[in-house]
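Letters A, B, ... mirror the listed sequences (proteins, then strands); counts begin at 1.
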Amino acid sequence: MYAHDKAQRIQISGGRVIDPANKVDRVQNVYIADGKVIALDKAPQDFQADMEIDAHHRIVCPGLVDVSARLREPGQEQKATIATETLAAASAGITTLCCPPDTHPVIDTPAVTEFIRLRAEAAGNTRVVTLGALTQSLLGEQLSEMAALRKAGCVGVSNALKPLLNPLILRRAMEYAATFDLTVFLYPNDHWLANGGCVHEGRVATRLGLPGIPEAAETAAVARDLALIEQTGVRAHFCRLTTGRAARMIARAQYDGIPVTADVAIPYLYLSEVDISGFDSLCHLIPPLRTVEDRQQLREALQQGIASAICSDHQPHEPNAKLGPFPATEPGISGLDTLLPLSLRLVDEHSLELIDLIYLLTAGPAKILGLPYGTLSIDAEADICIFDPLAIWQLDNRTMRSHGLNTPFMGWEMKGRVTHTLLSGKLVYTLN
Amino acid sequence: MSGNTLQLDKNGRLRHFLSIDGLNHHLLTEILDTAESFAGVTEQTVKKVPLLRGKTIVNLFFEASTRTRTTFELAAKRLSADVLNINITQSSTVKGETLLDTLRNLEAMHVDMFIVRHADSGAAHFIAANAAAHTSVINAGDGWHSHPTQAMLDMFTIRRVKGADFGSLRVAIVGDILHSRVARSQIHALNTLNTGEVRIVAPKTLLPADAKSLGAQVYHNLQAGIKDVDVIIMLRLQRERMQGAFLPSEHEYFELFGLTEKKLGHASPDVTVMHPGPINRGVEMDSEVADGPRSVILEQVTHGIAVRMAVMSMAMARKEVTPG
């Protein structure tokens, strides 16, 4: 795949190279040939670059890996397509993204996986991997053909936000996934406790009279899932933590040696239930934005390594999806464009060291997905993001590349801008 | 956009009437005073004033209603406006897109004011935020969020019965607070008018999270909750709450939270009993109480017309209006 241009030799000069997987953080050159990283610092003998990229005053890091981005294809092309969104991803320094199975039709057959793979390859902007459905049509009743999905390239299985009929089916699904060494991606949100709510059950829900989703919808699901993970021995990943309490439960399980990982999506690190106060449908997210305290505890969960990835949880929408009374609008934020700059803000706000942040955007998520990317190791695929950490720009209709403009961060001043993105040694994005 | 910046124009006058939240004491008093001046009109033989002559008002109801819609219609007619009633059941709309389309279509007919009722919280805010500059929006109830004209007619009724000194009053609101837009608006209004003590009384299943944050003392026992209060507002209990596992039975609810003559003995001797209607007799209260001397339930309905006239005329004029 991505065979063209592979023969090209590239030298990236003078950048601050940060490769958390190898604990590298220093100014040095990067040498690329045949789509792979072949050397750092000193040029290999007889290396003649076909192209040189000047990276002085820039940061050179592995291409970002996003564990959750909805591309809306197949099925919801009015919102976005694989071509539009992978282009947006490339311009945001993302070289690998993982698509959840809740497309239309859902990813429960090799044909759908294959369709997405072919579309992504044709676009040629980023790698796209998929999660297969845990149950057929995500209906939560019958197991999907996981072995076939794995063979077709799915990196894990998930029922996304759809509920399972009962815990017994979850147990069987975990056992079956474990048989094929598939990671189960769990969205901890108890369907019955959530009861069709649209915001966190707290002060803002109380004041606005919006149906709330209690904290226990997440913690009860985590508790049940942890028990079944331990019972079945499956490798599991918790998607999109929103509460500090759930993070602490997962920390305890990790301490006990249970094979679980977790991620946090970027909006939950900046927004809280308070942002919904004026019925702002752009802040309508599922799972819901929680309290200011939860937001702080999620940042701490990243500092402590309880959650090992930050993702965009990209959900592009057409404008109409957000035009309506709050509960009737579709949830989700278009997040690819802001993944890196908003994450970098965590460094400015002293929540994280830069190298640790880069880990959460590269090697951390790659490990969760079981992929060999997210590193600049010698012989690794040359998936590289080069960014100017001091560049200031504004998020607006012109700078945003995603087809979905649904973001509450519109108009925000962003710091840190991607200048080049390489995918297997091929330049897929250059700023202007 | 906060409800406040949406509701008021740059001079702090009422542009839309969406929620009590964010309106100040002065404005609420102005509404009550204006309503008082209109109350006379409704008692005249010719019950009309020409304030809104030539204006077109649309009752846009996405949820069934008899009393609220009728009193809005009467209020509009007594202000000499032309009134159009449009009832759109939820099933025939496809969420926001159609809602906005409906709005645009009606605006194209040069409608001056929309009275909106909708099952989703925030619906009136959404319509106001998207309405053309010349139109006003009055919230006639959105989801569990707000029903500001109901709250103001209740305040009007309390002021008529108890006088203007809200500071000396204890008021208890009893029943399904969780699902009640009426209760939320009443609590805001009572607090803005500096009511001495606001209490809410309900089992925990019918209270929202952190109910105290609404600005009321929380009670789970009716006798304790109404002890020495001057006003009791009973809320309607939807029958479907039994299916939702909020309550075991109407019988047990009535036993514990239903208002009877006997239980009224715990309240102040001159307590006033209110209910936004329609009443479930034998569920929220005994007929004896509903029809008894302390009940002002029918007065509430009458006052609804004057209060709605006041709000409509204020939002349309955006200056003080008194009947000619």
**Study point:** Heavy-atom pairs under 4.5 Å with chain B, option from Gly209(A), Gly212(A), Cys198(A), Pro211(A) with the top count
**Key:** Gly209(A)
Review point. Does any heavy atom of chain A fall under 4.5 Å from the side chain of Arg181(B), the backbone, both, or neither of them?
Key: neither
Point to revise | His188(B) portion near chain A, given a 4.5 angstrom heavy-atom threshold | key: side chain
**Study point:** Centroid-centroid under 6.0 Å between Phe279(A) and His145(B) rings
**Key:** yes
Once rounded to the nearest 0.5 Å, what's the spacing between atom [atom1] of [X] and atom [atom2] of [Y]?
X	Y	atom1	atom2	result
Asp120(B)	Thr329(A)	CG	OG1	9.0 Å
Arg203(A)	Leu214(B)	CZ	CG	9.5 Å
Arg184(B)	Leu208(A)	CZ	CG	9.0 Å
Leu100(B)	Asn320(A)	CG	CG	7.5 Å
Leu323(A)	Asn130(B)	CG	CG	6.0 Å

Check your understanding: Does some side-chain heavy atom of Pro325(A) sit less than 4.5 Å from a side-chain heavy atom of Asp142(B)?
Key -> no
Point to revise | Leu207(B) side chain reached by Thr206(A) side chain, heavy atoms, under 4.5 Å | key: no
Study note, to complete from the structure: With chain A, the option among Pro208(B), Ser121(B), Gly143(B) that has the most non-hydrogen atom pairs under 4.5 Å is Ser121(B)
**Study point:** Closest-packed option against chain A by number of heavy-atom pairs under 4.5 Å, given Ala123(B), Ser180(B), Ser146(B)
**Key:** Ala123(B)
Considering residues, nucleotides and ligands other than [X], do more than 12 of their heavy atoms fall under 6.0 Å from its [atom1]?
X	atom1	result
Arg245(A)	CZ	no
Arg252(A)	CZ	no
His403(A)	NE2	no

Review point. Given a strict heavy-atom distance threshold of 4.5 Å, which part of Pro214(A) is in contact with chain B: side chain, backbone, both, or neither?
Key: neither
